[in-house]
Amino acid sequence: MGNRPVKKGWITAKTADINDLYERSVQCPESEVDLIFQAWGELRDRKPESIREDFCGTSAVAREWVLRNDTNKILGIDLNEEVLAWAQNKIDSELTEEQRSRITLVKQDVMAVDSPSVDCILAMNFSYYGFKKRDILKKYFTSVHGDLVEDGMFLLDAYGGSDSFLEMAEERDMDGFTYVWDQNHVNPITGDIVNYIHFEFPNGSKITKAFTYEWRFWTLPEIQDVLLESGFSKVVVYWEGTNGEGEGDGVWKIDRRGEACAGWVAYIAAMK
Ligand SMILES: C[S@@+](CC[C@H](N)C(=O)[O-])C[C@H]1O[C@@H](n2cnc3c(N)ncnc32)[C@H](O)[C@@H]1O
C-alpha cells in the first residue's frame, strides 16, 4: 500500500530524525533533574555538582543539568558514536560556550569507564538491563560505587508491573507522529526480553525497529539486592503518586510498599 500524500509540515519516515523523536517520546530531562535535586535534598545535606550520566544517549539530561546553574558539570558516557555525534551537535547548537564547557561526552563502555570521582552517577531508561547476568550487573554496580565520592549517590530507574511480563504493544499519539512501545519477546524462564520502539507517521509511513533493546527483565528486589551486595550502604525506592484517574502525578516519594499495578516506573537511590 502506497503512502498517503504529505501535507506541509508533516514528518514522514524519510524526513524523521529518530533521536529527536526518541527525546520527544520517552524523555523528560526536567523532571529527571528535579528528582536528582529532590533525592540529594532528602538523603544528603548538600547539592551535587559533578555528575556522570552512563548510557547518556542524546545528552538530554546533560543539557538540562548545565542549564540549571553556573557550576553543574557532567560527564556523559555512551558506546554509540552516532548518538554521541548527534548529542554534540545539539549541545553546540543549543548551549552557550560557557555551558558547553561543563559537558564532556566520551565514547566508552560503562563497564570499563575511566572517570574521576563524581557526586552522582545516573543510569536511566533501564539501560543497565542490558547486563543480563547477575555477576555482570554486580560488576557494573561495583565499578559505579568505586567512582563515587564518599557521600556519593547512584540514581537509576526500573520498570515493572503485570503488563511488563506480557508480549504486547502500546501506541501513544505524539505531536505529528505515533510512538509505539513493542514488548516483542518475553521469556519467562530466562527473563530475556526484546523491546522495540517504532514510529508511525500521518502519511502512513513507518520506521519499524527504530530502537531495539535486548535486555534481561530485572525486578526491583533483585536490583536492590545486587546494589547492596555491590557495596552501597543504603538503597531506597522512589515511587510515583497517582491522580484521581489513577495515573502517575509526577510526585515521587520514598516508599516501601508501592502498588501492584499493570505498569509502573520507579527510581532507585543507592547511597555509597
Ligand atoms: C535506552 S538508551 C538510554 C538513553 C538515555 N540515558 C535515556 O535516559 O533515554 C541506551 C543507551 O545506552 C548506550 N549503551 C548501551 N550499552 C552501553 C554500554 N555498555 N556502555 C555505554 N553505553 C551503552 C546505547 O548506545 C544507548 O545510547
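Whatever order the structure lists ligands and atoms in, that order sets their numbers, starting from 1.
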Steps toward salt bridge (charged side-chain N to carboxylate O under 4.0 Å, His left out) verdict (Glu49, Arg102): CA-CA 11 Å; Glu49 279 193 355; Arg102 291 183 281 118; over 6 Å; no
Which atom pairs, donor and acceptor, lie under 3.5 Å between side-chain atoms of residues 72-79 and protein residues at least two apart or in another chain?
from: Asn72; atom 1: OD1; to: Asn69; atom 2: ND2; distance (Å): 3.2
from: Asn72; atom 1: ND2; to: Trp65; atom 2: O; distance (Å): 3.0
from: Asp78; atom 1: OD1; to: Asn80; atom 2: N; distance (Å): 2.9
from: Asp78; atom 1: OD2; to: Gly57; atom 2: N; distance (Å): 2.8

Other residues, nucleotides, ligands: >12 heavy atoms within 6.0 Å of Asp45 CG: no
Selection residues 155-166 - residue pairs positive for side chain to side chain donor-acceptor pair (under 3.5 Å), sequence neighbours left out: Tyr159-Asn195
Aromatic ring pairing Phe199/Phe201, orientation class (parallel under 30°, perpendicular over 60°, tilted between): tilted
Every pair of nitrogen or oxygen atoms between ligand 1 and the protein that is under 3.5 angstrom apart - can you list them with their distances to 0.1 Å?
from: ligand 1; atom 1: 6 (N); to: Phe55; atom 2: O; distance (Å): 2.6
from: ligand 1; atom 1: 8 (O); to: Gln27; atom 2: NE2; distance (Å): 3.3
from: ligand 1; atom 1: 8 (O); to: Asn125; atom 2: ND2; distance (Å): 3.1
from: ligand 1; atom 1: 9 (O); to: Tyr22; atom 2: OH; distance (Å): 2.5
from: ligand 1; atom 1: 9 (O); to: Gln27; atom 2: NE2; distance (Å): 3.1
from: ligand 1; atom 1: 9 (O); to: Asn125; atom 2: ND2; distance (Å): 2.7
from: ligand 1; atom 1: 19 (N); to: Asp109; atom 2: OD1; distance (Å): 2.9
from: ligand 1; atom 1: 20 (N); to: Val110; atom 2: N; distance (Å): 3.0
from: ligand 1; atom 1: 22 (N); to: Leu79; atom 2: N; distance (Å): 3.1
from: ligand 1; atom 1: 25 (O); to: Asp78; atom 2: OD1; distance (Å): 2.6
from: ligand 1; atom 1: 27 (O); to: Asp78; atom 2: OD1; distance (Å): 3.3
from: ligand 1; atom 1: 27 (O); to: Asp78; atom 2: OD2; distance (Å): 2.7

side-chain contact (heavy atoms from CB on, under 4.5 Å) involving Thr15 - partner list, sequence neighbours excluded: Ile11, Thr12
